[in-house]
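For the single chain, residues carry numbers from 1 onward in sequence order. Numbering of ligands and ligand atoms starts at 1, following listing order.
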Amino acid sequence: MATQAKPDLSSAAPPHGARHVAIIMDGNGRWAKKRLLPRAAGHRAGVEAVRRVARAAQDLGLECLTLYAFSSENWKRPASEVADLMGLLRRFIEADLDEFHANGVRLKVIGDYHALEPSLVAMIENAVARTSGNSGPMIAIALNYGAQDEMVRAVQRIAQRAACGEIMPDTIGPAEIDAALYTADLPPLDLLIRTSGEQRLSNFMLWQAAYAELYFTDILWPDFDGRALAAALDAFRMRDRRFGGL
Ligand code: IPE
Ligand code: IPE
Ligand code: MG
């Protein structure tokens, strides 16, 4: 029996129209608490959700998925929890890098990741370098990321260029600021999702979210999956983005 050829959709824009989705992955601790488990079990289940959602993002045709994994404020947590999170990150890179690479994913890291343990910094740099020539979607992990730190760093870089006469202060505009942020080579942010019912940005992508659509869901991060991402993209498709116009 002849099989019908599938249409080639690889070059078609996905129907939801979003290029870049970012997620504040929140609720691991509450997920564990509901099950009378230690918080670390919630973080482990959160890593499973990262795997599911990274695959779904690729299937849904996203160009970039940015995941908020550790904020510049999360150092305030007990040292044991910080160590659990760093251990999970290490194991995630070890276990999943080959699959990401095989799928053509380009891994990126945003945030001041140099403050992490030197061996972890080396693993991150190796993962980013190994996948940098890929042509598939980007997965950007925000590590020791804080939007205010990012902006301070951008202002310092621009001020240094101005001080040595490379640019004139009155020629500094949004494009110069965009270029000095961690996200300089990421597509513009379309949709920002936060799980777990909290409705705040917690110092995430404050500049980039200027015209992003915001989507809040009560789903706790370890329960989030491809269907939940597709539902968020359906909601995004129904939004009327006016960017200040009519
Ligand atoms: C998100 O889950 C993961 C990180 C912030 C690293 P939380 O650990 O914040 O979970 P809740 O908010 O306590 O439920
Ligand atoms: C934001 O979640 C940071 C990440 C998801 C990595 P938090 O749980 O740290 O945020 P707050 O403390 O509730 O604002
Ligand atoms: Mg939280």
Checklist entry - When rounded to the nearest 0.5 angstrom, what is the spacing between CD1 in I23 and CG in L229? => result 5.5 Å
Checklist outcome for this item: Residue pairs meeting salt bridge (charged side-chain N to carboxylate O under 4.0 Å, His left out), one or both in residues 43-58, sequence neighbours left out, come to E48-R51, R51-D96, R55-E99
Which atom pairs, nitrogen or oxygen on both sides, join ligand 2 and the protein at under 3.5 angstrom?
{"unit_1": "ligand 2", "atom_1": "8 (O)", "unit_2": "D26", "atom_2": "OD1", "d": "3.2"}
{"unit_1": "ligand 2", "atom_1": "8 (O)", "unit_2": "R77", "atom_2": "NH2", "d": "3.2"}
{"unit_1": "ligand 2", "atom_1": "9 (O)", "unit_2": "N74", "atom_2": "ND2", "d": "2.9"}
{"unit_1": "ligand 2", "atom_1": "9 (O)", "unit_2": "R77", "atom_2": "NH2", "d": "3.3"}
{"unit_1": "ligand 2", "atom_1": "10 (O)", "unit_2": "R194", "atom_2": "NH2", "d": "3.2"}
{"unit_1": "ligand 2", "atom_1": "10 (O)", "unit_2": "S202", "atom_2": "OG", "d": "3.4"}
{"unit_1": "ligand 2", "atom_1": "13 (O)", "unit_2": "R200", "atom_2": "NH2", "d": "2.8"}
{"unit_1": "ligand 2", "atom_1": "14 (O)", "unit_2": "R200", "atom_2": "NE", "d": "2.9"}
{"unit_1": "ligand 2", "atom_1": "14 (O)", "unit_2": "S202", "atom_2": "OG", "d": "2.6"}

Next on the checklist: Just to verify, what does R157 make a salt bridge (Lys or Arg N to Asp or Glu O under 4.0 Å) with, not counting sequence neighbours?
Outcome noted: none
Item to check | Shortest non-hydrogen contact between S202 and Y68, atoms and distance | outcome: O-OH, 3.0 Å
Checklist entry - Between D112 and R153, does at least one N-O distance fall below 4.0 Å, as a salt bridge requires? => result no
Next on the checklist: Under 3.5 Å, is there a donor on one side chain and an acceptor on the other for T131 and N134?
Outcome noted: no
Checklist entry - Can you say whether the rings of F243 and Y211 are parallel (under 30°), tilted (30 to 60°) or perpendicular (over 60°)? => result tilted
Checklist entry - Does NZ or CZ of R35 lie under 6.0 Å from the centre of the six-membered ring of W31, at an angle within 45° of the ring axis? => result yes
Checklist entry - Heavy atom of R39 under 4.0 Å from ligand 1? => result yes
Checklist outcome for this item: Closest non-hydrogen contact found for L189 with H20 is CD1-O, 3.6 Å
Checklist entry - For E198, does the CD atom sit with more than 12 other heavy atoms under 6.0 Å from it, leaving out its own atoms? => result yes
Checklist entry - What protein N/O/S atoms lie closer than 2.8 Å to the Mg ion (ligand 3)? => result D26 OD1
